[in-house]
Amino acid sequence: MFRIPETHPRYKSLMKREKIVAGIEAGITSKQGLIAHGRGEAFDYLIGERTLPAAFRATEAAAALLLTAKKPVISVNGNVAALVPERVIALSELLNAPLEVNIFYWTEARVIKIKEHLEQHGATNVLGAKADARISGIEHARARVDYEGIYSADVVLAPLEDGDRCKALIAMGKKVVTIDLNPVSRTSKYATVSIVDDIERALKNLIFMIKEQKKNGKGKLLEDYDNKGNLRAVINEIAERLKDEELR
Ligand code: ATP
Ligand code: MG
């Protein structure tokens, strides 16, 4: 990996790029994933590369939803595996929820590489290689899931997900938590709870909040959680920040 000096003002952002590039070189991240990351970066610049207050509230709601799930599953794609293997594994242990490799540009070889990558980081329960079930309503290859995993889950954490698949999971009656820096993506709009934040920051907060909620009794259930209202709040916070931006 290219060494970025910690004093560089864009250190964190550049390190993420290095991880994505390393993911491509290791065969776990797709080339298209590089472009998706760039779109995320652009939104993060507008957000100010920190967690917005509305994103904190969404993360709290997500923590409660995941904690009260009967069968939560964490979906992992090539970008997630490259950026935050330790954090998805920690979350999987906290929630007692399996990780499931679920990729848009599906090849068996890449599924196995991602699974092995997660296992090298200490994961013990990684699904996705069986691909013995299908999400209904989307075309063949992208629909592959494990029967024991996403197919039979009640709550799916699907970060950096495609809008189509998010919609299809919702149509199957599942609750979907997503993490997506784009507040107007189809994924953000369809999900039950959308966290508009960078995946590293969002998972760090989510892990912290789940630990807190476990200690203090489960979070309040959110039958009436207003995802679109939260997205509107995010957009307002971004707009206010941009209005205040000093152009020096
Ligand atoms: P849709 O509108 O169908 O939801 P999309 O156009 O958003 O799809 P995808 O390629 O499916 O595009 O997903 C990439 C999404 O992931 C983008 O919206 C991008 O903002 C987001 N993203 C990329 N990198 C990160 C990251 N590090 N943290 C959080 N979100 C990210
Ligand atoms: Mg998306």
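Whatever order the structure lists ligands and atoms in, that order sets their numbers, starting from 1. Along the sequence shown, residues are numbered consecutively beginning with 1.
Set against the non-hydrogen atoms of Asn182, the atoms of ligand 1 under 4.0 Å away are 18 (O), 20 (O). Listed by number with element, the atoms of ligand 1 under 4.0 Å from a non-hydrogen atom of Thr187 are 1 (P), 4 (O). Near Gly163, with a cut-off below 4.0 Å to any heavy atom, the atoms of ligand 1 are 1 (P), 3 (O), 4 (O). Interface atoms of ligand 1 facing Ser185, defined by a heavy-atom separation under 4.0 Å, are 2 (O), 4 (O), 7 (O).
For Asn96, the CG atom sits in a loose shell: 12 or fewer heavy atoms of surrounding residues, nucleotides or ligands are nearer than 6.0 Å.
Taking distance alone, with nitrogen or oxygen atoms compared against 3.5 Å, Ile199 approaches ligand 1 more closely than that limit.
In this structure, Glu161 is part of the shell of residues with a heavy atom less than 4.0 angstrom from ligand 1. The closest approach between a heavy atom of Asp197 and any atom of ligand 1 is below 4.0 Å.
Ion pairing between Asp44 and Arg201 holds under the 4.0 Å rule for side-chain N and carboxylate O. Salt bridge annotation for Asp164-Arg186: present, with a cationic side-chain nitrogen under 4.0 angstrom from a carboxylate oxygen.
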Donor-acceptor contacts under 3.5 Å from residues 122-135 side chains, at least two apart:
residue	atom	partner	partner atom	Å
Asp132	OD1	Tyr147	N	2.7

List the atom pairs, donor and acceptor, that lie under 3.5 Å between side-chain atoms in residues 22-40 and the rest of the protein, sequence neighbours left out.
residue	atom	partner	partner atom	Å
Thr29	OG1	Gly78	O	2.9
Ser30	OG	Gly33	N	3.0

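The closest non-hydrogen atom to atom 27 (N) of ligand 1, taken over Leu181, Leu203, Asp198, comes from Asp198. Of the candidates Ile35, Asp180, Ile179, Leu83, Asp180 brings a heavy atom nearest to atom 19 (C) of ligand 1. With Arg39, Arg186, Glu200 as candidates, the residue nearest to atom 5 (P) of ligand 1 on a non-hydrogen basis is Arg39.
Thr59 and Asn205 are not linked by any side-chain donor-acceptor pair at a separation below 3.5 angstrom, with hydrogens and angles left out of the test.
Across Thr187, Thr178, Asn227, a single residue satisfies side-chain hydrogen bond (donor to acceptor under 3.5 Å, both in side chains) together with Ser194, and that is Asn227.
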